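Quick notes on the structure that follows.
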Amino acid sequence: MHRIDTGRRWVLIALATTSSIAAAQTPVAKPAEAVDARGQLARLNRLSVLSDRITRCAVQRHLGVLTSQAEKVLAGVLREARTLIDELSPLDKSNSPRAGWANARTAYRSYLQAAEKLDPKDREGLVRLAKEADDLDEKVTAVSDQILKESGNPAAAILNVTTEMQRLTQHLAVHFLLARAGVDEKANAEEVTTARGSFTKLLAELKASPIQSPAIASQMQLLEGQWIFMNSALGATVRSQQSLEAASTTSERTLEVLSQLQTQFESAR
């Protein structure tokens, strides 16, 4: 299975922290084009999260874990992803990210079609879908990295950190559930271990961010508490319906807290 490539992400996080400190010390007027860049980054980052969320719902359906809830979330997320892709049409006219986005868009639409048509009982199709989601993350992240680099927006870089944490909540649940389903169990279990470590490091980086407010501090406390629950659920070794449901529900709740935290970071800029 796909292994998380953390090298590029840690570089972005380091740049985000360094740039944010400078930005906090010296207010700089934002050019008009930065607003468009932020909107594009927000949509791309959301797409990165949604691909793993879609796969998590598909795995839940396959395993019969909170099926009705998973189907409801899946339908909504599929609609949201298509809307985001349409809203990113200005990238078709951009110079540098155009080719990368065209590739990512084609792959994403193909992924959405596969997710819609997937039979919940199709085990091999589910494995292919999970692999497609991992590949999609790389394609979408490459486009967002390029826009981020060109925009020079430090706050947007910090938001990329929270986005990666959101994605990891879903990615972790996917590979935990696949391992518990006996799908390439050793590789998926190793992926969970690696991703848990990545999430913990990102949490520490986020806590060290110079962009702070009372609302952010309060939300960070909620996040730390929720991560304790999710991390505990991911450490379960017993194959039971309860452990599968715990991984699914805690991943969703942690995602919700991170989404709210991202809003707080947006407001604090």
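In this text, all values refer to a predicted model and were calculated from it rather than measured experimentally.
Side-chain contact annotation: E190 with H175, donor-acceptor N/O pair under 3.5 Å absent. Counting only N and O atoms by type, the side chains of T141 and D137 include a donor and acceptor under 3.5 Å apart. A donor and an acceptor atom, one from each side chain of T55 and Y111, are located under 3.5 Å apart.
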Expected list for residues 217-228: side-chain donor-acceptor pairs under 3.5 angstrom, two or more places apart:
from: Q219; atom 1: NE2; to: Q260; atom 2: OE1; distance (Å): 2.9
from: E224; atom 1: OE2; to: K207; atom 2: NZ; distance (Å): 2.9

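Between R82 and E116 there is a salt bridge, with a side-chain nitrogen of the basic residue lying less than 4.0 Å from a carboxylate oxygen of the acidic one. The residues K131 and D52 are annotated as not salt-bridged, no charged nitrogen and carboxylate oxygen being separated by less than 4.0 angstrom. Residues R253 and E256 are not paired through a salt bridge, judged by the lack of any N-O separation under 4.0 Å between the basic side chain and the carboxylate. Contact check on R128 versus E132 returns no salt bridge, with no Lys/Arg side-chain nitrogen under 4.0 Å from an Asp/Glu carboxylate oxygen.
Checking side-chain atoms of N188 against main-chain N and O of D184 turns up a donor-acceptor pair under 3.5 Å. In this structure, the side chain of S94 does not engage the main chain of P90 through any donor-acceptor pair within 3.5 Å.
For residues 64-77, the set of pairs meeting the side-chain hydrogen bond (donor to acceptor under 3.5 Å, both in side chains) definition, not counting sequence neighbours, is empty.
Across all non-hydrogen atoms, the minimal contact from A233 to T250 is CB-OG1, 3.8 Å.
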